[in-house]
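Atoms within a ligand are numbered from 1 in the order they appear, just like the ligands themselves. Reckoned from all heavy atoms, side chains included, excluding hydrogens, waters and symmetry mates.
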Amino acid sequence: MDIIQNFVVFEGADGSGTTTQLNMLADRFTKTSKTAFFPTFEPTGGAIGKLIRSALKNEAVFDPKALCYLFAADRVEHLFSNNGILERTNRGEFVVSDRYSISSLVYQGIECGDELPAELNKDFPAPEITIFFDLKPDIAKERMKARTSLEIYEYLEFQNKVYAKYLAVLEKYAALGARVEIIDASEPAEIVHDKVWSILSQMPIFKI
Ligand code: TMP
C-alpha cells in the first residue's frame, strides 16, 4: 500500500465533528509550528466538488453510480492538481483532509454496492494516519438539530448504516497496512482535540 507521509485524514459519520476538529488542529498547529499547514476537505471547492455539493443538497439529481464517479474524479483533482495534496506534502507541508477515499467506500458502498467504489478508489495512496471520530448517529442527530437544512445522507436510518459500515471498512483498511486511530467523539470538543493532538504530535512533521 502506498502511503503519503505528512498527510492525515479525518473520517466520521455526519455530525461527528470532523470539521470542528480540523479547525481546532489548524489553530493550534499554526501557533506552535513553522511548518505550513494546509487544511482541506472533500468534496473539494473545485468544479467537480461544487457539482457534488449541489447533488448533496438535492439541487441536482444523479444516479448513485454517477455520483461515485464524481467523488473519485474530485479526489483525483484533490491529489494531483497544482497545489494539490501530493505537491504540498512533497514540499514538506502538513496536509489534513476532512474526508477522503474511505468516505466513498462507506457512503457509495451503501448506495451502489461495494464493487464500484472499491474499483475507483483502489489506486489512491493512503494517508499517514486516518482518524475516525466515533460518534453514535443518535447523538450526532442531536448535535445536528441546529442545522437549518439537511443533505441527502443526513437522516438517521442512513447514518446508522454509515456508522456500521465505517467500522467494517476501517478494519479492512487497517488490515491492509493503513494506520487507523479511533477516537471517542462523544466527549467535549476540547477533550477530543487533545486526543487528536496527542496522536498526531508523534508524527515526524511535528518535530521539525
Ligand atoms: P461533509 O458533510 O463532511 O461536508 O461531507 C459531505 C457529504 O458527502 C457527507 O454526507 C459524506 C458525503 N461523501 C460521500 O458520500 N462520499 C465521499 O467520497 C465523500 C468525500 C463525502
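Note: Tyr153 and Tyr107 have tilted aromatic rings, judged against thresholds of 30 and 60 degrees for the angle between ring planes.
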Write none if no such pair exists; otherwise list each N/O atom of ligand 1 with its protein N/O partner under 3.5 Å and the distance.
from	atom 1	to	atom 2	distance (Å)
ligand 1	3 (O)	Arg99	NE	2.7
ligand 1	4 (O)	Arg53	NH1	2.9
ligand 1	5 (O)	Arg99	NE	3.2
ligand 1	10 (O)	Asp14	OD1	3.2
ligand 1	10 (O)	Asp14	OD2	2.8
ligand 1	15 (O)	Gln108	OE1	3.4
ligand 1	15 (O)	Gln108	NE2	3.0
ligand 1	16 (N)	Gln108	OE1	2.7
ligand 1	18 (O)	Arg75	NH2	2.8
ligand 1	18 (O)	Ser104	N	3.3
ligand 1	18 (O)	Ser104	OG	2.6

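Using a 4.0 Å cut-off between charged side-chain N and carboxylate O, Arg75 and Asp123 make no salt bridge. A salt bridge links Asp114 with Lys165: at least one charged nitrogen is closer than 4.0 Å to a carboxylate oxygen.
Neither side chain, Tyr163 nor Asp138, offers a donor N or O lying under 3.5 Å from an acceptor on the other.
In this structure, Val76 is a member of the same hydrophobic cluster as Ile85, with clusters built from ILVMFWY side-chain heavy atoms closer than 4.5 Å. The cluster map of Ile, Leu, Val, Met, Phe, Trp and Tyr, joined by side-chain heavy atoms under 4.5 Å apart, puts Ile129 and Ile183 in the same cluster.
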